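All ligand and atom numbering here is 1-based and tracks the order in the structure. It should be emphasised that the depicted structure is a prediction, and the values quoted were computed from it without experimental measurement.
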Amino acid sequence: MTNGQLFDHIKNTLKNAGKEDADFDAKCIFEDIVGLDMLNLALHRSDEADGVKAENAMKLAEKRAEGYPLQYLLGKWEFYGLNFKVGEGVLIPRPDTETLVDTVVNHFAAKKFYDPQIIDLCSGTGCIAVSLQKTMPKSKLIAVELSSDAMPYLVENIRSNNADVKILKGDVMDGRLLDNFKDEESEGDYRQLDCIVSNPPYLTAEEMSDLQTEVTFEPASALDGGNDGLKFYRVISCLWKEILKDGGLLAFEIGYRQGEDVAEILRKGGYTDVKIIKDLGGNDRVVTGIKQG
Ligand SMILES: C[S@@+](CC[C@H](N)C(=O)[O-])C[C@H]1O[C@@H](n2cnc3c(N)ncnc32)[C@H](O)[C@@H]1O
């Protein structure tokens with residue numbers, strides 16, 4: 001089989017399975033396994049393909065045709081211009097989440113505040129924490145994650161991106177985790193940070209029961225936001241307020257229909273200057289609020 005025949009076989013496998021992005025997926029699989037980009041494929045179309053690589057590439061194409069996520073097949077994905085290791089057990093970073101990172105970066109840039117202390121709750125791959133830390137090199141980041149399956153990805157992504165991010169393993173819904181921020185000198189007081197950022201699980205029970213095939217391969221614990229999808233917003237905005245400075249920023253990613261509900265949770269929770277921010281597709285994607293001083 002030649003390189004050209006192999007590429008066409010991969011593409012047709014995906015097209016026949018009705019994959020919308022068959023061309024793009026075929027290109028990613030071919031480049032990753034065979035090691036030829038599209039220019040080199042054009043130059044070497046009639047060369048004989050390596051037998052083992054061809055077999056591997058065809059296997060991946062078949063898995064992809066069954067709906068297995070491309071990102072898990074490749075084992076890596078780009079977010080905010082950085083590379084992140086991904087695989088079963090951890091949520092794949094989404095382009096929409098870049099709006100959340102932009103929002104936090106712009107907030108501190110506008111204040112010319114270059115070394116904020118930020119905590120990223122529900123960190124997963126660490127895409128938010130690592131991107132913030134690399135964009136604001138003087139910032140200090142803490143990444144909180146509960147899942148033992150996600151943890152190796154978080155550790156590896158911080159290491160491979162050489163980011164100054166500390167990890168705290170634990171349950172963001174459990175107030176005992178805040179003991180880690182007790183100020184040793186003043187009994188009962190908490191260390192205060194400049195920003196809480198979070199992309200928590202936010203799908204409703206109804207959405208959980210009707211997931212796109214690709215998403216069913218991702219961990220349910222990264223998606224399930226309780227019956228109405230809002231339970232993490234209610235708990236985080238209340239519980240973690242203790243460690244946010246007066247005037248500090250709370251920034252959440254939200255589902256595109258949750259803007260008003262989350263904004264209301266923040267207003268009722270005593271946050272001011274509550275804003276709903278849209279993603280590049282024009283959907284509500286981020287809600288921010290300021291802890292009242
Ligand atoms: C929507 S994903 C976001 C992951 C990552 N921040 C991102 O933007 O791609 C939510 C993450 O929260 C984690 N998680 C779920 N429940 C948690 C809890 N109670 N405490 C801490 N992390 C939790 C999941 O394991 C998952 O990694």
Side-chain angles (χ1 to χ4, degrees), residues 69 71-72 76-80 82-105 118-135 141-158 161 163 165-181 195-204 207-208 211-212 214-226 229-240 243 250-256 258 262 279 285-287:
Q71 296 88 336
Y72 283 176
K76 59 188 177 196
W77 202 238
E78 196 185 292
F79 178 86
Y80 222 72
L82 299 166
N83 279 314
F84 290 87
K85 184 175 171 176
V86 298
E88 281 187 29
V90 75
L91 192 92
I92 299 159
R94 308 292 206 267
D96 292 341
T97 303
E98 297 190 342
T99 303
L100 179 61
V101 176
D102 279 340
T103 301
V104 175
V105 168
I118 302 174
I119 190 160
D120 171 27
L121 303 178
C122 300
S123 208
T125 50
C127 60
I128 297 171
V130 169
S131 301
L132 287 172
Q133 210 288 312
K134 297 308 282 184
T135 310
L141 265 294
I142 302 167
V144 183
E145 174 57 50
L146 176 63
S147 159
S148 300
D149 294 332
M151 198 50 65
Y153 296 96
L154 179 57
V155 171
E156 174 56 18
N157 287 326
I158 292 169
N161 285 293
V165 179
K166 303 240 172 333
I167 295 174
L168 179 58
K169 186 172 193 298
D171 182 353
V172 301
M173 308 292 264
D174 184 342
R176 284 171 297 184
L177 202 57
L178 276 101
D179 289 348
N180 289 280
F181 298 88
C195 176
I196 296 170
V197 62
S198 182
N199 175 18
Y202 58 65
L203 296 193
T204 63
E207 288 166 332
M208 286 300 293
L211 294 174
Q212 193 195 340
E214 273 75 359
V215 184
T216 61
F217 292 96
E218 296 188 87
S221 60
L223 302 166
D224 186 354
L230 300 172
K231 78 173 179 189
F232 282 86
Y233 302 113
R234 292 193 187 92
V235 174
I236 290 173
S237 60
C238 173
L239 197 61
W240 289 83
I243 65 151
L250 172 63
F252 279 129
E253 175 168 324
I254 54 155
Y256 71 103
Q258 293 171 325
V262 176
D279 60 26
R285 188 57 61 197
V286 169
V287 173

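Rounding to the nearest 0.5 Å gives a distance of 6.0 Å between CE of Met151 and CD1 of Ile167. In this structure, OH on Tyr80 lies 10.0 Å from CG on Leu100, to the nearest 0.5 angstrom. For the atom pair CZ of Phe84 and CD1 of Ile158, the computed distance is 9.5 Å after rounding to the nearest 0.5 Å. Atom CD1 of Ile142 is separated from atom CD1 of Ile118 by 10.5 Å, given to the nearest 0.5 angstrom.
With ligand atoms numbered from 1 in the order given, ligand 1 contributes 25 (O) to contacts under 4.0 Å with heavy atoms of Ser147. Atoms of ligand 1 lying under 4.0 Å from at least one heavy atom of Cys127, given by number and element, are 7 (C), 8 (O), 9 (O). Each of the atoms 1 (C), 2 (S), 3 (C), 7 (C), 8 (O), 10 (C) of ligand 1 lies under 4.0 Å from some heavy atom of Asn199. Each of the atoms 1 (C) of ligand 1 lies under 4.0 Å from some heavy atom of Pro200. For ligand 1, the atoms sitting less than 4.0 Å from at least one non-hydrogen atom of Met173 are 19 (N), numbered in the order shown with element in parentheses. Short contacts between ligand 1 and Thr97, defined as distances under 4.0 Å to a heavy atom of the residue, involve ligand atoms 8 (O). Residue-ligand proximity, Gly170 to ligand 1, at heavy-atom distances under 4.0 Å covers atoms 20 (N), 21 (C).
An N or O contact shorter than 3.5 Å is missing between Ile128 and ligand 1 by distance. Among the atoms of Val172, some N or O lies under 3.5 angstrom from an N or O of ligand 1.
Residue nearest to atom 14 (N) of ligand 1, selected from Glu218, Glu145, Glu98: Glu145 (by heavy-atom distance). Nearest-residue assignment for atom 15 (C) of ligand 1 (options Ala129, Ser221, Pro219; heavy-atom criterion): Ser221. When the options Val235, Asp171, Thr125 are ranked by their closest heavy atom to atom 18 (C) of ligand 1, first place goes to Asp171.
In this structure, Arg176 pairs ionically with Asp174, as a charged nitrogen and a carboxylate oxygen lie closer than 4.0 Å.
When ring centroids are compared, Phe217 and Tyr72 stay outside the 6.0 Å threshold.
Inter-residue side-chain proximity for Pro69 and Ile92 is flagged as met; some heavy-atom pair is nearer than 4.5 Å. Annotation: side chain of Ser198 is not in contact with side chain of Trp240 (no heavy-atom distance under 4.5 Å).
Looking at Leu91 against ligand 1, only its side chain comes within 4.0 Å, counting heavy atoms.
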